[in-house]
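Position 1 is the first residue of the sequence, and the numbers go up from there. Values reported hereafter were calculated over all heavy atoms of this structure, with side chains retained and with hydrogens, waters and symmetry mates removed. Numbering of ligands and ligand atoms starts at 1, following listing order.
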Amino acid sequence: MKDILLKEFERVYGSNDGVRVYFAPGRVNLIGEHTDYNGGHVFPCALTIGTYGAVKARTDRKLRFYSMNFADAGVIETSIDDLVYDKKAGWTNYPKGVIWAFSEKNMKCDHGFDIVINGNIPNSSGLSSSASIEVLTGYILKEMFGFDVSNTDLALIGQFSENKFNGVNCGIMDQFAIAMGKENQAIFLDTNTLKYEYTPVKLTGAKLVIACSNKKRGLGDSKYNERRAECEEALRRIQTVKKVNSLGELTGADFEEVKSVIKDPVLEKRARHAVLENERTVKAVAALKANDIDTFGKLMIASDTSLREDYEVTGIELDTLVSEALKVKGVIGSRMTGAGFGGCTVSIVKDEAIDEFIEKVGAAYLAKIGYKADFYVVEVGDGPKEI
Ligand code: GLA
């Protein structure tokens, strides 16, 4: 991959002398969906697929961006004096947003750079290609300008740029999972305190299989911000009778006691998902630690049911992938992952059932939806690094 990027850098910008190449992973969330902006727990892991960036400092203030994934867009040029969101600038709003976010935190770049990006995460798939490029950019800035930031800071700055520059009120999960990724470990993160713990993803005799629905999803134009606002409204109503800072602080039993003040069936469903999904996540991590993969799988399935019925963020494409997956013997658990409304599912599949899984789920999906799903048998990888 390094050679491909170096060659492309030379082709695009004329020379690759002094170019350095960096990598940041994508992520998959195993359980704990739509809990991160509700002060709950999440359990994601970084993947070995991700985003690569070949970069070289410039002496002037220009920024030149080129992505092998959006080759038609060509080289997009701007400068460190023009860090404003611009719809026409497409994908470059992500790295630009991070440079802007650093400057907002008083870490100002005093020169520009040329960069070539190449990612092997399917775009808009729910595997966080955007957070991957945000953390990649943050890591590059830290290395190039010597900014004193930890990997947790890189996650927070990435989230800040996504919230304030790109207008998506996402939680911290994606950027955190990517910045803090560790080979073969998932991250049990309390999004309320940012306390975290690594837990080995030991799936003896089974693997993680991602099925990509190929239904494109853009967080900005999805109902993501609406769900977040619904949870906030439900919380406000609960706060009239109980002292609580987030839905993540409630147990299922607490919720039963206070739910009558919500007085809106839709808001009640949204809040119930946030509360019970948080409980499921805590239980699932305990099960994985105890090598009880079957319980982990059952909790994944319960998570998906809740995302479908209470949170209503699935849709026919994801529902088809999960229901077909569950028909295959050897599937231990299956659920949508990420924001939903399209994107991917993640399943735990026994080694001997993987071929049949891909064949059967793929065929049923094509027959019902009319276009193909893509399958990836993935591995849990490290956080950002220079390669
Ligand atoms: C997106 C957001 C995350 C999280 C998930 C849902 O991936 O970026 O912060 O809210 O959706 O769990």
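Every atom of ligand 1 with a heavy atom of Gly338 under 4.0 Å away is listed here by number and element: 6 (C), 11 (O). Distances below 4.0 Å separate heavy atoms of Tyr37 from the following atoms of ligand 1: 10 (O). Contact atoms of ligand 1 toward Met173: 4 (C), 5 (C), 12 (O) (distance under 4.0 Å to a heavy atom of the residue). Near Tyr224, the atoms of ligand 1 lying under 4.0 angstrom from a non-hydrogen atom of the residue are 1 (C), 2 (C), 3 (C), 4 (C), 9 (O), 10 (O), 11 (O). Of all the atoms in ligand 1, the ones that sit under 4.0 Å from a non-hydrogen atom of Cys170 are 2 (C), 8 (O), 9 (O).
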Please step through side-chain contact (heavy atoms from CB on, under 4.5 Å) for the pair Asn118 and Asn69, ending with a clear verdict.
CA-CA 6 Å; Asn118 190 18; Asn69 302 91; 3.7 Å; yes
CA sep, side-chain torsions, deciding dist, call: Tyr22, Arg20, side-chain hydrogen bond (donor to acceptor under 3.5 Å, both in side chains):
CA-CA 7 Å; Tyr22 297 90; Arg20 291 168 76 170; 3.3 Å; yes
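Evaluated for a side chain to side chain donor-acceptor pair (under 3.5 Å) with Ser306, the options Lys269, Arg335, Arg280, Glu277 yield exactly one hit, Arg280.
Within the 4.0 Å heavy-atom criterion, the part of Arg27 lying near ligand 1 is the side chain and not the backbone.
A cation-pi contact, defined as under 6.0 Å to the ring centre and within 45° of the axis, is absent between Lys56 and Phe9.
Ring-plane geometry between Phe65 and Phe113 is classed as perpendicular, the angle between the planes exceeding 60 degrees on a 0 to 90 degree scale with a lower cut at 30. Between Tyr365 and Tyr371, the ring planes are perpendicular. Angles over 60° get that label, and only those under 30° would be called parallel.
Across the listed options Asp36, Asn163, Ile31, Asp36 owns the non-hydrogen atom lying nearest to atom 9 (O) of ligand 1. Scanning Asp174, Thr191, Leu307 for the heavy atom closest to atom 8 (O) of ligand 1 points to Asp174.
Donor-acceptor pairing under 3.5 Å is lacking for the side chains of Asn38 and Thr35. At a cut-off of 3.5 Å, with distance as the only test, a side-chain donor of Thr314 or Asp319 sits close to an acceptor on the other residue.
Residue His34 has at least one N or O atom closer than 3.5 Å to an N or O atom of ligand 1. At under 3.5 Å, a nitrogen or oxygen of Gly171, whether backbone or side chain, sits near a nitrogen or oxygen of ligand 1. Looking at ligand 1, you won't find any N or O of Asn29 less than 3.5 Å from one of its N or O atoms.
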